[in-house]
2 protein chains.
Amino acid sequence: MAAQQRRERERAERHRLIITAARELAEAEGWGAVTTRRLSERVEYSQPVLYSHFKGKDAIVAAVAVEGFEELATALRRARADHPDARAGLRALAYGYLEFARARPAVYAAMFVRETDIEFGTEATPAPLKAAFGELHGAVAPLAAARGADPEACTELFWSALHGLATLTEGSRLRPGAHRTRVDLLIDLVTAGT
Amino acid sequence: MAAQQRRERERAERHRLIITAARELAEAEGWGAVTTRRLSERVEYSQPVLYSHFKGKDAIVAAVAVEGFEELATALRRARADHPDARAGLRALAYGYLEFARARPAVYAAMFVRETDIEFGTEATPAPLKAAFGELHGAVAPLAAARGADPEACTELFWSALHGLATLTEGSRLRPGAHRTRVDLLIDLVTAGT
DNA sequence: CTCAGATGTCTAGCAGTGCTAGGATCGGCC
DNA sequence: GGCCGATCCTAGCACTGCTAGACATCTGAG
């Protein structure tokens, strides 16, 4: 009876333990260092236990990604909340997005760079992912409408620019010192004439 | 004497054979399918031969990337050449860049997505890579100057947007039908007021 | 023409990967 | 107490990138 509940609770805790261990390991040493052996050692269980919780290593990475989607959605919501002005809100959103990616490069990679089977444009899309994109859409769409542009296309383009900035910055392929200049320029371009 | 030259020539041919084999295999089945064993089987030599030409697998991928940089530079130069008008040139450049990425996703990944030790902003940067970025800069800088924006930052931002569009499209994370809408909108934003 | 030495290539193997079959061990129920 | 099912681990498979050492082949001197 109660023992059953206790075991289910312990199992759920171990489930989360695996996810956070994978995340911490990836964040500390990169996804290349995340092996099932090191992971099982870290959670102090043998390898097969991992496979009783997840279908495979990819599923663990996907779980980390979903956790990231939730955090990103709340981060974007907060960034936008304090700014009633559309332009200031967009600006805060952009900096929030890029700061999110900068602070958790491994999680960001799991979400958007590594190959996954997470669906993006379908009904199987995780709800937190939809929520995160919804924040982007909410910030961009009004400005797009004001200039007579397609709101969806504008949102996708804005996201693409942020994603490009995030990944190229992470790979140190952009001049570090010009970060603010680039982001401010992006905001200027999108909000010009409004 | 002559035999020495013949062997050097054969060695150079085999060097290229390895690169093209890796590229074809990656393009056909993805980089995950490119293993040293399959590669050695494909070039009809044993594994250690690969290591007499390249330091390791990563070096082979990097060689494919450098080949890609050369092709990208010429593709961008051609795209821009036919359009004296700055705006039309930028537009052709953008479509050329994205078509390049769409047609060779594996090569594009080797160039810009997979982790490599290729240096980007230093003097050790491969010349073809500098040339490709030079084409971008040449197309964007005049328009940036016309609006009083930092040319370097504008080039980096434009590249980031293209890179984001390329990678998110490749991962089927953007609506396929709206491709032209997004690209045209990007050109509109960058060239607005000029 | 012969034969040491250099050059080139291959076989076999190492340590590590994701993943799994089979046996041992522990819990709760009759 | 004795059984049974759930839980977990040991051991192993087929694969990975990479390399040491044996083998062959070709070169050039005597």
Side-chain angles (χ1 to χ4, degrees), chain A residues 1-19 21-23 25-26 28-65 106 109-110 114-118, chain B residues 1-19 21-23 25-26 28-65 106 109-110 114-118:
Chain A
M1 320 288 152
Q4 179 77 6
Q5 291 184 353
R6 187 208 62 207
R7 282 195 301 202
E8 282 181 12
R9 192 185 60 232
E10 284 175 353
R11 187 173 171 79
E13 284 173 7
R14 203 172 52 180
H15 191 90
R16 278 219 34 85
L17 180 61
I18 293 171
I19 296 176
R23 174 175 177 156
L25 203 48
E29 307 182 38
W31 283 110
V34 180
T35 71
T36 55
R37 280 174 179 77
R38 288 195 64 179
L39 204 48
S40 66
E41 190 178 348
R42 188 124 162 183
V43 299
E44 295 178 318
Y45 282 95
S46 66
Q47 281 181 283
V49 171
L50 302 179
Y51 294 86
S52 75
H53 285 268
F54 299 94
K55 191 179 178 184
K57 187 186 169 184
D58 290 349
I60 299 177
V61 180
V64 173
R114 287 175 56 97
E115 301 180 23
T116 65
D117 46 7
I118 296 176
Chain B
M1 323 286 148
Q4 179 76 5
Q5 292 185 354
R6 186 208 61 206
R7 283 195 300 203
E8 282 182 11
R9 192 185 60 233
E10 285 175 352
R11 188 173 170 77
E13 284 173 7
R14 202 171 53 180
H15 191 90
R16 278 218 36 83
L17 180 61
I18 294 170
I19 297 176
R23 174 175 177 158
L25 204 48
E29 307 181 38
W31 282 110
V34 180
T35 71
T36 55
R37 280 173 179 77
R38 288 196 64 180
L39 204 49
S40 66
E41 190 178 348
R42 187 123 162 184
V43 300
E44 294 179 318
Y45 282 95
S46 67
Q47 280 180 283
V49 171
L50 302 179
Y51 292 86
S52 75
H53 285 268
F54 300 93
K55 191 180 179 183
K57 188 186 169 183
D58 290 349
I60 299 177
V61 180
V64 173
R114 288 174 56 96
E115 302 180 22
T116 66
D117 46 7
I118 296 176

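So you know, we letter chains A, B, ... as the sequences are listed, proteins then strands, and number each from 1.
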Integer-rounded Å distance: D/dT7 P and A/E44 CD: 20 Å

Could you give the side-chain donor-acceptor pairs of residues 41-48 of chain B under 3.5 Å, partners two or more places apart or in another chain?
from, atom 1, to, atom 2, distance (Å)
B/R42, NH2, B/E24, OE1, 3.2
B/Q47, NE2, B/T36, OG1, 2.7

Value in whole Å for how far the P atom of C/dC19 lies from CZ of A/F54: 13 Å

Contact letters for nucleotides 15-23 of chain D, in which S counts primed atoms plus P, OP1 and OP2 and B counts the base, heavy atoms under 4.0 Å: -BBBBB---

A/I18 side, atom CD1; A/L50 side, atom CG - distance, nearest 0.5 Å: 5.0 Å

Shortest non-hydrogen contact between A/R11 and A/H53, atoms and distance: O-CE1, 3.3 Å

Spatial distance of atom CZ (B/R23) from atom CZ (B/R16) [nearest 0.5 Å]: 9.0 Å

Heavy-atom closest pair, residues B/A106 and B/W31: O-NE1, 2.9 Å

Involving DNA chain D, stems made of at least three consecutive Watson-Crick or G-U pairs, both distances under 3.5 Å: C:1-30 with D:1-30

Gap between atoms OH and P, on B/Y45 and C/dT11 respectively (whole Å): 14 Å

Smallest separation among heavy atoms of B/A110 and B/V61, with atom names: CB-CG1, 3.8 Å

Heavy-atom side-chain contact between A/L39 and A/K57 under 4.5 Å: no

Sugar-phosphate, base or nothing in reach of A/R11, heavy atoms under 4.0 Å: nothing

Atom-to-atom span, CD of A/E41 to C1' of C/dG18 - whole angstrom: 16 Å

Euclidean distance, atom CD of residue B/E10 to atom P of D/dT25 [Å, nearest integer]: 16 Å

Heavy-atom check, side chain of B/L17 versus side chain of B/E13, under 4.5 Å: no

